[in-house]
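Below, chains carry the letters A, B, ... as their sequence lines are ordered, and counting in each starts from 1. Everything numeric in this text was worked out from a predicted model, so none of it was measured.
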Amino acid sequence: MDLILETKGLTKVYGNGTVANRRVDFGLRPGEILGLVGENGAGKSTLMKVLYGEEAPSAGRILLEGKEASFSSSQDAIAAGIGMVHQHFMLVPSLSLAENLVLGKEPKRKRSRFFDQDEAVRITEELSAKYNLKVHARARVVDVSVSMRQKLEILKVLYRGARIIILDEPTAVLTPQETEELFAELAELRRQGHTVVFISHKLDEVIALCDRVSVMRDGRLIATHEVAEVDSQTLSNEMVGREVRLKLDKTATSAGAAVLVARDLSYVDDFNITMVNHVSLTLRRGEVLGIVGVDGNGQTELVRILTGLERSLSGSLKVGGRELMGAGPGAIRRAGVAHVAEDRMTVGAALGASIQDNLLADRYSEGRFTGRFGFMKTEAMREEARSIVADFDVRCASASQSVASLSGGNMQKVVVGREFTADAEVLVVSQPTRGVDVGAIEFLHRRIIAMRDAGKAVLLVSSDLAEVMSLSDSLVVMSAGRIVAYFEDAAAVSDKELGLYMLGLKRQGEDEIRKVLHED
Amino acid sequence: MIDFIAGVFGSSNYWYIVLRSTAPILLVTLGAVITEQAGITNMALEGSMLWAALVGVLASAATGNVWIGLAGGILASLVVAWTLGFFALKLNANAVLCGVALNLVGTGGTVFVLFSLTGDKGISSSLASKTLPFIKLPYLGEIPWLGKVVSGQNIVVYLAILAVIVVHVILNKLTIGRRIRATGANVEAARSAGIDPDRVKFLALTVSGVLAGLAGCFLSMGYTSNFTSGISAGRGYVANAAQVVAGGTAVGAIFASLIFGITDALATFLQNIGLPPELIQSLPYAVTIIGFIVVTISRDRREAARKRALFASAPAAAPREPVPPTRPGRGAA
């Protein structure tokens, strides 16, 4: 069968050397709904960005209806009939749905620059009826539901003449009922001759909706199946199938007393999406509790609440028995919670400042570094920096050089060096080895285990499943802002099984999840 | 005291001065509204007014034509706005800092130019500059009391009212208004719809430059008949606060600038009853700041309450509390 859009040997290497796509041969048949599945970082988004003109390929070809095509911007892709609905909507909340739809291509009254409101509404209602995507044309975006905003995004793409529509995880923000509705609408688009690419983590959805499914892993297109001929177990294996787990010397220890007790935490983001939905957990001394989950399922927001960077809408947060709900990050730090932030470039470190200043950022005002009348004790500060640099093996010429000049791994050692010497009882460690070289990864892993052995309570969040599994004593799985599973013994669960929970195919009963509270 | 205040509020003369005091602040507030809606803060409004006030006087004195003076003043104001646009949009400098820098250039630069040309640092009274015409309204001017308030005002006062309508039409009726508001509310959404945000912001700066130019010319060629150093008296800064009180709409700008105008005019009257003038002169600014704080706090509270309500009413897809273990013995394998 002829393909409407295909790539041949498409490779994308980012400026920092990350290979996001390796010789991908992707094919799209006209009038089909193709599912595209894969873990975080598997290269799905990059592939779609290349097809939508947002990224230029490093090598390989793109063929549109058999003819060579190249898009230098998304405007080119739109002109060629390719549209994309991003996960984060591109809408103006204060304008009406009709105004958003026609933005940039507005109808005008005859021979004037006056915006034709009625015509905009008419266009919206006509498109809405044609594709059976029901929206309130005159309502403001801020007043309508997330699912209606999504329909509007699809209509926007159709208004600009797209025949191929790429949807980036459209169901991540929808309720099951809304998802069903969306599927009926997408089927209607297919009936009218449009082609849809459906990116998702949820295999049951892909099987319910799609004609074919392509699986990506580590930047490669692993396989493409007719949906009728494949089951979710096979797809799951292809997605998470991975190399041998990292070898790690880890002695078994028994967890001690509870230190951090979080109950009923919730967070709603600026798009009115509930990112953390009544989450409760307990961290105990001498235990690494790992959180696994597909990125964007509330882990980031949960960590921000636990470290005081964000305020929960409900519940309580106690450290060592003291209530810290609503206390700022400073108070939470003083109560004994250290935080290795997931983004060392913006939250974890001040790039322009020196290694020494970064290492002392949380303690420079303590008596040992600041004397009477507020004068800094430079010698003591230099000594502290020197000892952490040596202890954490930060490769640098001197502690006065700027953090920005370090490699990713050494930068992370600076952050970890500060947090692990902060004399905290709780360590919240997020994405400790993202973008870090292999040598540093092993070093960082050993230090995390050493902290556990020293009796600290560690919360570990990472998108690297193998990492969380090998470091953690117990595991929690987060999906759609909730804890959906708890495994007291991390060694007793397989990555395949975790995959089912992460992808929303399985969910434990409340009794089992409740064990993470350790309340008995 | 109460009799005095009642007397003031009942007098047509007082309300005449209210309109006169409101006009310049209304014009710059409209300028602040349109740029803020486009997503760029025009902090240089103060500098725009200063240069317009000076160039207006100079050009009208040099040519003997008040309209050439007005055109020159507006052009000077536009140059300031475009300079801000060049630095902030083309060179990606911080718009607020550039604005403040341009204001400082205006404060010193206008005095320098005035001194170089007239030898006087404080006032342009040695120049034979012109004043913009005051207009007697037909019919409306005949009405007792009200006629005395609305008629016989400077042409710029009427232009300010016209400017409200113009800005309202731009923001709400013209296609470009949709693009301005889209750019200010979500620049990525605007860009993805094929709109050039920088062009939109530049256009908004141009409109605000014309409005600030008109206001500046009024100060030196209508409100008073000379340029004096620092004649804008912080109105450009007040406009950026008033813009918030106005809620980003042209109609709201009327109310926000009336707060300033009413207290400004009141201050002129209060000087007659022996209160210290420094205290009285600070009144309009203090009232604007209080208005700004009240509006900002109440808006934040409303937003927080909305979010809470939304969360409370969210579909209870999962039990809010962990279900108590009613069936003992059922656990993990």
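To the nearest 0.5 Å, the span separating OH on Tyr267(A) from CD on Glu301(A) amounts to 6.5 Å.
In this structure a side-chain-to-backbone donor-acceptor pair under 3.5 Å is missing from Thr288(B) to Phe260(B).
Atom CZ of Phe71(A) has more than 12 neighbouring heavy atoms from other residues, nucleotides or ligands inside a 6.0 Å radius. Counting heavy-atom neighbours within 6.0 Å of Arg138(A) CZ, excluding the residue itself, gives a total of 12 or less.
Looking at Gln117(A), only its side chain comes within 4.5 Å of chain B, counting heavy atoms on both sides. Of the atoms belonging to Arg160(A), it is side-chain heavy atoms, and not backbone ones, that fall under 4.5 Å from chain B. Only the backbone of Leu91(A) comes within less than 4.5 Å of a heavy atom of chain B; no side-chain atom from C-beta onward does. For a residue to count as touching a neighbouring chain, one of its non-hydrogen atoms must lie under 4.5 Å from one of that chain's; by this rule Ser94(A) touches chain B with backbone and side chain alike. Within the 4.5 angstrom heavy-atom criterion, only side-chain atoms of Ile195(B), from C-beta onward, approach chain A.
Between chain A and the options Ala182(B), Gly194(B), Gly177(B), heavy-atom pairs under 4.5 Å are most frequent for Ala182(B). For chain A, the option among Ile176(B), Asn186(B), Leu174(B) with the highest count of heavy-atom pairs below 4.5 Å is Leu174(B). Chain B forms more heavy-atom pairs under 4.5 Å with one residue of Val92(A), Ile513(A), Asn100(A) than with any other, namely Val92(A).
In this structure, Tyr501(A) and Ala485(A) approach most closely via the heavy-atom pair CD2-CB, 3.6 Å.
Evaluation of the salt bridge (charged side-chain N to carboxylate O under 4.0 Å, His left out) test over residues 78-101 of chain A, restricted to residues two or more places apart or in two chains, returns Glu99(A)-Arg178(B).
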